[in-house]
2 protein chains.
Amino acid sequence: MNISHFELLCEVARVKSFSKAAKLLHLSQPAVSSQIHSIEDYYGAKLFERSTSGVTLTPVGEIVYQYAKEILRLHEKLEKEIDDLLNTENQKLIIGASSTIGNYAIPCTIWTFKEKYPCTQIKLEVKNTETILSMLANDELDLALLEEPIPKNDGNLKKQPVLNDELLVITPPKKPWVDKTSITLEELKKAPLIIREQGSGLRYMFEKAISGLNVKLPEDFNVIAEMGSTEAIKSAVEAGLGVSICSSLAIKKEIRSGTIHPLRIENAEFQVNYLIVYKNDKQLNNAAKRFIRFLAGPGKDPFC
Amino acid sequence: MNISHFELLCEVARVKSFSKAAKLLHLSQPAVSSQIHSIEDYYGAKLFERSTSGVTLTPVGEIVYQYAKEILRLHEKLEKEIDDLLNTENQKLIIGASSTIGNYAIPCTIWTFKEKYPCTQIKLEVKNTETILSMLANDELDLALLEEPIPKNDGNLKKQPVLNDELLVITPPKKPWVDKTSITLEELKKAPLIIREQGSGLRYMFEKAISGLNVKLPEDFNVIAEMGSTEAIKSAVEAGLGVSICSSLAIKKEIRSGTIHPLRIENAEFQVNYLIVYKNDKQLNNAAKRFIRFLAGPGKDPFC
DNA sequence: AACAATTACGCACCACGTAAGGATA
DNA sequence: TATCCTTACGTGGTGCGTAATTGTT
């Protein structure tokens, strides 16, 4: 039994479903199933009653759940106490992030993290993916937050999924877009398209995604502009100049206020997997390790 | 971090030595060293100050130690609560043991175990190794306690070391033995020797040990009797009829009272490794799992 | 020299993901 | 059929023991 077993158990008990817990913990569903089985095996008792609509704790499971929460609480307290005792060198953390995650997801994460570990000093660098990768290689960063796939990954990088998001086509809230909820790839190829610059993770991801469909950027599209920032692109789309592609994370506010109209691409999965990435051989300091556990671990979504 | 990490850490902190903790936990010393290193890595802080005369806790280590003890205490309480809730089927345990361990080590162990887990119903079968093995094969036993090496082990048995002891030559407390503290193999070959019957684990072990020295039983020895019980042999030796071989466990009392004189064999290591053995494919019940952890795990020696 | 911890290395096991399988509404 | 959990299987990472090394008294 280890701490992450307890975390997994608590997460499953909380959401009453193996598959939901798997998503939240960035694990496959069979992995969760197998973990729970081995916990049950360890204690020699069934902990969850399985049904078609999820799982519920058995009486024994309830006991284990209560203790697991208590043990986790203790352990968290332990880590905080260690935190207070460590020298400040261990508390500095430089994180790099690509635009989308750096601008729209991480700021709030850092805030939540600092609430939990107030001693940590975090510096955030938001650049495009290529730049972040070279900074990581030069040890200018402890950790990076990037999107999959990672270009030119020579195997010296360790990665861990932390967040799943969806790539959407963003359009002005007017005809012909505003009546649709989705768009075909053919329609998109003809639409006035604004894209990010070379070296941007979003662009790389989009290129990768469409290359599987035998379509190429920029030649197969009607590219009307190339811009170096998501905010610039959003402004252009809001102004009705064209359409673009971005992560749903980046347009939460605009969707709510109705200034941007999002569309799904038909018959295609444009999932974005955000990863926390670090050098395989690098000795991570305490703050970095904790930050990784904070993001990849359980609990309510650390992104906002 | 898992429960056994905490156990290991507490054991090391308690005895202030990697090597001593390794012995107590039935692990190699490098294994303990590596575990401690990974715990230190996990918390991002050095927990032990190493010196030539063992190790001491650092301030951070002291904190982790305190929490580890608390977590272990909680976890033990959890297991006890589960224990109370389980049905009685899970609480029955049939243990088989070969003579030495069955007669001299286990009775006290069972007593200690039942103090901790009063619901458990334990039945103990003491037979010779061969018989115990066949009972295990026929599912007449949950667990067996035997000495290494195990004859005819077809790989279907899982084993775990639980106790190390030393094989001694036992002699009457009179001339020519009483002045010596050790004996050569040549002297032993000429001495009037009493041995256990075929099928006895002790005999098998002794045969294995001397076969490495190109000596065979019974032809190379002066065997004057073969007996089916250690007690009978001890009585014979006490009566001055001859010498024999047995585990130091079995003659603690006699050494103390001076009725038997033990000798080491020169230039030879006669270590006995006692193992807990069970069928690889068998689903162990709760009591069995707990008993294994109780014996193999940390804490003060469960044998008396 | 003796003792304690570390490093190196090979092996076995375990946790994971992918893919296929069963059960239930 | 859709959803959820389980089973099967191949793979990579980790923990282990053995043996050699370092370091201190």
Side-chain angles (χ1 to χ4, degrees), chain A residues 1-9 11-13 15-42 46-58 61 148 155-161 164 271 273 275 280-281 296, chain B residues 1-9 11-13 15-42 46-58 61 148 153 155-161 164 269 271 273 275 280-281 296:
Chain A
M1 286 300 302
N2 60 35
I3 294 292
S4 56
H5 277 132
F6 290 129
E7 288 173 343
L8 183 138
L9 183 131
E11 198 68 5
V12 171
V15 301
K16 297 180 194 305
S17 152
F18 287 11
S19 39
K20 277 182 202 155
K23 273 197 192 109
L24 290 165
L25 296 167
H26 311 288
L27 284 172
S28 72
Q29 191 274 328
V32 172
S33 179
S34 134
Q35 290 276 12
I36 294 292
H37 270 100
S38 58
I39 298 175
E40 291 182 323
D41 193 48
Y42 181 88
K46 200 171 175 187
L47 303 180
F48 288 97
E49 218 51 79
R50 279 80 162 168
S51 82
T52 49
S53 56
V55 296
T56 51
L57 283 164
T58 63
E148 202 155 38
N156 192 25
L157 295 178
K158 209 160 185 173
K159 48 187 195 168
Q160 203 162 333
N164 300 314
Q271 277 286 326
N273 298 314
L275 308 170
N280 216 345
D281 50 8
Chain B
M1 286 300 301
N2 59 37
I3 294 292
S4 56
H5 277 133
F6 290 129
E7 289 173 342
L8 184 138
L9 184 132
E11 198 67 6
V12 171
V15 301
K16 298 181 193 306
S17 153
F18 286 9
S19 38
K20 276 181 204 157
K23 275 198 191 109
L24 290 165
L25 296 167
H26 311 289
L27 286 172
S28 72
Q29 192 275 330
V32 172
S33 179
S34 136
Q35 289 277 10
I36 294 292
H37 272 276
S38 60
I39 298 174
E40 290 181 324
D41 192 49
Y42 182 89
K46 197 171 176 186
L47 303 181
F48 289 97
E49 221 49 82
R50 278 81 161 166
S51 83
T52 50
S53 56
V55 296
T56 51
L57 284 164
T58 62
E148 204 154 37
N153 184 355
N156 191 26
L157 296 179
K158 209 159 185 173
K159 48 187 196 171
Q160 203 161 334
N164 301 315
E269 279 279 326
Q271 277 285 326
N273 297 314
L275 308 169
N280 216 345
D281 49 9

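Keep in mind that the numbers below use all heavy atoms, side chains included, and drop hydrogens, waters and symmetry copies. Quick note on labels: first sequence line is chain A, next is B, and so on, each numbered from 1.
- Going from atom CD of B:E40 over to atom C1' of C:dT6 covers 12 Å, rounded to whole Å.
- Interatomic distance, CZ of A:F18 versus NE2 of A:H37, reported as 7.0 Å (0.5 Å rounding).
- Residue B:Y42 holds its OH atom at 6.0 Å from CD1 of A:I3, rounded to the nearest 0.5 Å.
- In this structure, B:K23 places its NZ atom 10 Å from P of C:dA5, rounding to the nearest Å.
- One can place NE2 of B:H37 at 14 Å from C1' of C:dA8, the figure rounded to the nearest angstrom.
- The distance from atom CG of B:L275 to atom NE2 of B:H26, rounded to the nearest 0.5 Å, is 10.5 Å.
- Boundaries of the chain B contact region on DNA chain D are D:dG15 to D:dT25, first to last in 5' to 3' order (nucleotide atom under 4.0 Å from a heavy atom).
- Between B:F48 and B:T58 the shortest side-chain heavy-atom distance does not fall below 4.5 Å.
- Screening residues 16-40 of chain B for salt bridge (charged side-chain N to carboxylate O under 4.0 Å, His left out) gives B:E40-B:R50 as the qualifying pairs, with residues at least two apart or on separate chains.
- Each of B:V12, B:I39, B:I36, B:V55 was evaluated against B:L47; a single residue qualifies, B:I39, per the side-chain contact (heavy atoms from CB on, under 4.5 Å) test.
- For the pair A:N2 CG and C:dC14 P, the interatomic distance rounds to 14 Å; values are reported in whole Å.
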Output a table of nitrogen or oxygen pairs between the protein and nucleotides 15-19 of chain C separated by less than 3.5 Å.
| from | atom 1 | to | atom 2 | distance (Å) |
| --- | --- | --- | --- | --- |
| C:dA15 | O3' | A:Q35 | NE2 | 3.4 |
| C:dC16 | OP1 | A:Q35 | NE2 | 2.8 |
| C:dC16 | OP2 | A:Q35 | NE2 | 2.5 |
| C:dG17 | OP1 | A:S28 | N | 3.4 |
| C:dG17 | OP2 | A:S28 | N | 2.8 |
| C:dG17 | OP2 | A:S28 | OG | 2.6 |

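- Minimum interatomic distance between A:A13 and A:L57 (heavy atoms only, all atoms of both residues): CB-CD1, 3.9 Å.
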Exercise. Applying side chain to side chain contact (heavy atoms under 4.5 Å, CB included), run through B:S4 and B:Q35 and close with a yes or a no.
Key: CA-CA 10 Å; B:S4 56; B:Q35 289 277 10; 5.9 Å; no

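- Residue B:T52 places no side-chain N or O under 4.0 Å from the OP1 or OP2 atom of C:dC3.
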